[in-house]
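Computed over heavy atoms, backbone and side chain alike; hydrogens, waters and symmetry mates excluded. Keep in mind the model is a prediction, meaning the values are calculated, not measured. In what follows, chains carry the letters A, B, and so on, assigned in the order in which the sequence lines appear, proteins first and then strands, with residues in each chain numbered from 1.
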Number of protein chains: 2
Amino acid sequence: MNAQSLHGHLDALLLAVLERGALHGYAIIEALRGRSDGRLDLPTGTVYPALRRLERAGHVASAWSTVNGRERRTYELTDSGRRALADQRSGWREFSATVGRFLDPGTTPTPAG
Amino acid sequence: MNAQSLHGHLDALLLAVLERGALHGYAIIEALRGRSDGRLDLPTGTVYPALRRLERAGHVASAWSTVNGRERRTYELTDSGRRALADQRSGWREFSATVGRFLDPGTTPTPAG
DNA sequence: CACCAACAAGTAGCGTCTCTACGTATGAAC
DNA sequence: GTTCATACGTAGAGACGCTACTTGTTGGTG
């Protein structure tokens with residue numbers, strides 16, 4: 001599954017991964033891959049710019065650290081990021097329920113509840 | 001809910017709406033709005049070009065008809081479109097299950113089943 | 001008749017987002 | 001000393017939906 005279909009939902013995924021604790025970019029990619037059983041295998045050229053966007057938006061904060069003489073930029077959720085994640089979650093539920101009504105009828109509950 | 005988050009799934013929605021029978025562009029927009037309780041209210045500038053794309057791809061066929069002296073371009077699913085819709089449906093299930101695992105844990109079944 | 005709203009189709013240009021393809025560097029294995 | 005996994009990053013391209021606009025018909029209001 002490529003990230004093409006993710007369009008607009010990638011930020012939410014990144015925030016969700018960082019919810020469990022601070023991670024550096026490469027580890028985020030591995031977490032996405034691991035927690036999705038290999039379905040989400042995003043290229044660095046997708047994830048790094050996305051993290052920069054999130055930082056510009058104030059949803060994550062980054063700090064350099066040196067581990068084993070290797071430079072890592074570790075990202076962490078901000079309060080704003082936590083709020084954004086909550087919004088994205090409810091947005092996702094509405095979105096998936098609405099689209100599911102057309103593409104996966106029967107399985108999907110009505111958006112209104 | 002805007003169509004920004006639809007990115008990559010709009011085609012599937014259009015095919016799904018046409019599955020129930022041929023419709024003209026304006027009626028497709030109304031069907032989307034009606035069947036989603038107003039959540040999907042897509043501008044013509046989004047839908048008409050998308051229908052053209054689907055026609056170029058061979059997934060729909062269009063024909064002009066005059067109803068009450070008014071010109072309508074009616075769209076209809078092709079066999080290719082029906083196959084594409086089936087693909088999009090299974091793609092949607094995998095996509096929503098995968099993303100749901102991160103954004104809607106507990107509710108979403110595992111993609112693998 | 002003039003005006004306006006709803007219906008109906010369409011285009012142009014813009015901005016956003018992800019992808020491919022690079023470039024750079026360290027540490028470990030062989 | 002070469003290769004691989006780790007780790008960060010940018011540049012340019014392509015796809016897609018959005019805003020804003022144009023054109024035209026039908027029907028209602030004044």
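In this structure, CG of D41(A) is placed 15 Å from C1' of dT20(C), rounded to the nearest angstrom. Rounding to whole angstrom units, CZ of residue R72(A) and C1' of dA5(D) are separated by 12 Å. In this structure, L23(B) places its CG atom 15 Å from P of dC7(C), rounding to the nearest Å. One interatomic measurement links the two molecules: CG of L51(B) to C1' of dG10(C), which rounds to 12 Å at whole-angstrom precision. If you take CZ of R73(B) and C1' of dT23(D), they are 15 Å apart, rounded to a whole angstrom.
Proximity of residues 25-32 of chain B to DNA chain C (heavy atom under 4.0 angstrom from any strand atom) is restricted to G25(B), Y26(B).
One N or O on the side chain of T78(B) and one on the backbone of G58(B) form a donor-acceptor pair closer than 3.5 Å. Side-chain N or O atoms of E55(A) include one that pairs as donor or acceptor with a backbone N or O of S62(A) at under 3.5 Å.
The aromatic rings of H9(A) and W92(A) lie perpendicular to each other, with more than 60° between the two planes, well past the 30° mark.
For dT10(D), one of the phosphate oxygens OP1 or OP2 lies less than 4.0 angstrom from a side-chain nitrogen or oxygen of R52(A). At least one side-chain nitrogen or oxygen of Y48(A) sits closer than 4.0 Å to the OP1 or OP2 atom of dC8(D).
Here the nucleotide nearest the side chain of R70(B), chosen from dG10(C), dT10(D), dT25(D), is dT25(D).
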Walk me through it: do T74(B) and H24(B) pass the test side chain to side chain donor-acceptor pair (under 3.5 Å)?
CA-CA 4 Å; T74(B) 301; H24(B) 62 279; 5.2 Å; no

Yes or no on side-chain contact (heavy atoms from CB on, under 4.5 Å) for Q88(A) and H59(A), after CA distance, side-chain angles and deciding distance?
CA-CA 12 Å; Q88(A) 304 256 30; H59(A) 295 331; 6.0 Å; no

Pair R101(A)-D37(B), salt bridge (charged side-chain N to carboxylate O under 4.0 Å, His left out): steps then yes or no:
CA-CA 11 Å; R101(A) 220 195 265 202; D37(B) 293 331; 3.3 Å; yes

Contacts under 3.5 Å, N or O only, protein and nucleotides 15-19 of chain C:
{"residue": "dC17(C)", "atom": "O4'", "partner": "H7(A)", "partner atom": "NE2", "Å": "3.0"}
{"residue": "dT18(C)", "atom": "OP1", "partner": "G8(A)", "partner atom": "N", "Å": "3.4"}
{"residue": "dT18(C)", "atom": "OP2", "partner": "R53(A)", "partner atom": "NH2", "Å": "2.3"}
{"residue": "dC19(C)", "atom": "OP1", "partner": "A3(A)", "partner atom": "N", "Å": "2.7"}
{"residue": "dC19(C)", "atom": "OP2", "partner": "T46(A)", "partner atom": "OG1", "Å": "2.0"}

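Here R89(B) pairs with L103(A), P105(A), E19(B), L85(B), R93(B) under the side-chain contact (heavy atoms from CB on, under 4.5 Å) rule; sequence neighbours left out.
Checking each of L54(B), L23(B), L77(B) against L14(B) for a side-chain contact (heavy atoms from CB on, under 4.5 Å) leaves exactly one that passes, namely L54(B).
Residues A50(B) and D11(B) come closest through the heavy atom pair CB-OD1, 4.4 Å.
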